[in-house]
Amino acid sequence: MIQKLVCFIILFINLMICQSLLAESLWDKYNQEIAKRKQQEIASVIKKQMKVVRSTDEEYGLYKTALSYYLQGDYNESIVTYKKLMDINPLALDVNLAITLPLMVQKRWREVRRYAERVISIAPWNYIAHIRLMMAEEAMRDWQALMSHSKQVAIRYPSQSGVFVYMARAAMWQGDVRAAREAYSQVLVRIPAHIEANRYVNKHAEIKDEKNFLNLKIN
Amino acid sequence: MEIIKNTLLSGALMVAMSTNTVMAGDDWYVSTTLSGVLGSYSDSTFRNDVMSANFLLNADYLENVSFAVGYNGSNVDFKDPIEDIKQTAFAGRFQYHIYSDALGGRLTTQLVYHSVSNDDTTKLTDGVDVIAPKLAFLNFKKDLYLDVGFSKSDYPNNSNLTVKQFAPTFGFAFNDSTDWLNIKAYLIKSSDKDLSQGEDSFSSVDVKWTHWLGSNAILGIDNFSIGVLGGKRIFAVDNDALAVYNLADIQKGAASFGVTWKIRDEYEITTILGLSKFENLTSNVVNAYTQQYLYLSLKKNWE
């Protein structure tokens, strides 16, 4: 009797180890295929791993599935899968950020704005969320919002040239040449070879630098 | 027809009720447009001038669904005051957007309903109903547009005249998307040529070029457009402007020039100057005349 019980326990442990190894090897394979960008194979790996993942971690499996759909160019399915994930865990910041990628490809900027703002409401100074929100504001030509937004982000992330690029574009489209030139100058301090900034600054070289013209202040 | 009318009116009511929510900055994007047209006729045997006022309320739920309701009030002043016409028209538009990765763009299904009533002494142009479905495609890059629009207009007081319009559109961007060319064909078929000035089939092409100016544009202009219409049309329906041309004679060409200003991403002011050539074949003598008009509009985005 004890012998049978020991055999059963060993068998059970083996089964669990195999299950975990299977999942692990599938994820390894998945990561390898992602690295190789073999989209067809990614799909087949995903199909196989979903069965395993459902019994281990559905949320993670769905996340990988949504990402795979995105990488394969199946943006609708990617969005649908990310929305399923939001039902499971509405507070998942990575999901709210990730859904903006397929939405950006489909140029659904209002929805990009919606999910970026959702992340910002939970994590107020998440850099990626602010960058995606600025991308949406630029695409929707909401120059006033982009200007005040980029100023606030620049205070929190002063080393990031990208923020100053958005600030410069917002100023430029509002006809504020001085502010645009100063923002582009800030870009050049960080990336001296920046093509767009160099072009603008050289074109408007006659305007003198005015320190703090952008009036960056914490609101 | 009644079901469609009720559906569109319900949508309109929903939009109107949701306005306060939108102002709170939710997922609804609402705009209102007030516009007016002042026009006069040269060489017309019967007509003096025309005035028209419009109100349009448009509400989009993100980039998925769109509702619009429009009201139009028009006065046509005839040389004989007895013939003067006062007209009111209501329109409702519903759009649903579908995103297709296979096609690489957005498909839009649209349904528009128009209801027109007036005090035309002949009653011929009164009580007009128009139903107009459309399928449109815009690629993700937003530089290619195609649509196929159809409309059926019923004139119950004009011996049950039915006018069918097939209006395909092709549009594309060029010059780094700072220019857009839109080509729209109007293929119109009347059920009775005696009721449509002796012809039962009309075709015309409307070509419109729009150019967006960059930053630091002269006079703060956002864009300007030039439009030309060639061919013949009558009883046309324009579902972009939500307009039914039930009072017009045979249009034999038109040209227009428009300018749009944007103020603080919140307001848009558009002005269009245009002229149209018409021909009236109802009387014994053919009367060719010209209409000159000025269109002004103010659009507010409620965000």
Side-chain angles (χ1 to χ4, degrees), chain A residues 39 69-80 83 99-100 102-118 121 136-149 168-181 183-184 196 199-200 203-204 207, chain B residues 21-22 24-31 58-66 96-108 137-145 173 176-178 212-223 260-268 299 301-303:
Chain A
Q39 311 298 359
Y69 280 132
Y70 167 71
L71 292 171
Q72 288 172 74
D74 195 344
Y75 306 116
N76 281 336
E77 280 304 316
S78 178
I79 292 163
V80 167
K83 284 182 178 172
I99 197 172
T100 59
L103 289 171
M104 284 195 292
V105 178
Q106 295 190 341
K107 304 284 191 287
R108 293 158 74 170
W109 295 109
R110 290 171 177 173
E111 288 174 85
V112 171
R113 181 161 106 168
R114 175 206 230 191
Y115 292 110
E117 283 179 345
R118 194 178 282 180
S121 72
E137 286 165 344
E138 183 189 27
M140 294 191 291
R141 300 168 67 87
D142 195 349
W143 306 120
Q144 275 183 299
L146 182 60
M147 189 67 194
S148 65
H149 182 200
R169 288 177 188 168
M172 183 183 77
W173 277 97
Q174 289 182 104
D176 192 342
V177 180
R178 283 179 190 277
R181 190 182 183 282
Y184 274 128
E196 180 183 326
R199 195 178 294 155
Y200 192 88
K203 192 177 171 186
H204 299 89
I207 295 168
Chain B
T21 319
V22 173
D26 274 328
D27 292 334
W28 286 90
Y29 290 75
V30 170
S31 66
N58 190 87
D60 300 335
Y61 178 72
L62 295 171
E63 284 110 344
N64 302 323
V65 180
S66 180
Y96 183 72
H97 306 296
I98 301 156
Y99 294 85
S100 167
D101 295 319
L103 295 172
R106 185 178 85 175
L107 286 165
T108 299
F137 171 79
L138 176 67
N139 67 348
F140 288 142
K141 216 177 155 196
K142 296 190 176 177
D143 59 7
L144 175 70
Y145 175 84
D176 208 14
S177 289
T178 56
W212 281 267
L213 289 90
S215 55
N216 299 320
I218 305 160
L219 304 169
I221 293 169
D222 181 71
N223 69 73
T260 298
W261 290 266
K262 278 193 177 175
I263 303 164
R264 290 188 283 107
D265 305 322
E266 197 180 345
Y267 294 97
E268 273 177 45
K299 180 181 176 185
N301 296 310
W302 300 91
E303 277 188 64

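These values consider heavy atoms only, across backbone and side chains, with no hydrogens, waters or symmetry-generated copies. Below, read A as the first sequence line, B as the second, and so on, with proteins coming before strands; counting in each chain starts at 1.
A pairwise comparison of heavy atoms in H149(A) and E137(A) identifies ND1-OE1, 2.9 Å as the closest pair. Taking both residues in full, the closest heavy atoms of W143(A) and A170(A) are given as O-CB, 3.7 Å, listed atom of the first, atom of the second, then distance.
Among D74(A), N76(A), D142(A), the residue with the largest count of heavy-atom pairs under 4.5 Å with chain B is N76(A). Note on K107(A), Q174(A), R114(A), M172(A): by heavy-atom pairs under 4.5 Å with chain B, the leading option is R114(A). The choice from Q144(A), M140(A), Q106(A), R141(A) that makes the most heavy-atom pairs within less than 4.5 Å of chain B is Q106(A).
Proximity to chain A is absent for every atom of L138(B), based on heavy atoms less than 4.5 angstrom apart. If you measure heavy-atom distances from N139(B) to chain A, you find no contacts under 4.5 Å at all.
Remark: D60(B) pairs with R110(A), N58(B), S66(B) by the side chain to side chain donor-acceptor pair (under 3.5 Å) rule, at least two apart or across chains.
Ionic pairing of R169(A) and E196(A) is present here: one or more N-O contacts between side-chain nitrogen and carboxylate oxygen are shorter than 4.0 angstrom.
Residues D101(B) and F140(B) form a side-chain contact, since some pair of their non-hydrogen atoms from C-beta on lies under 4.5 Å apart.
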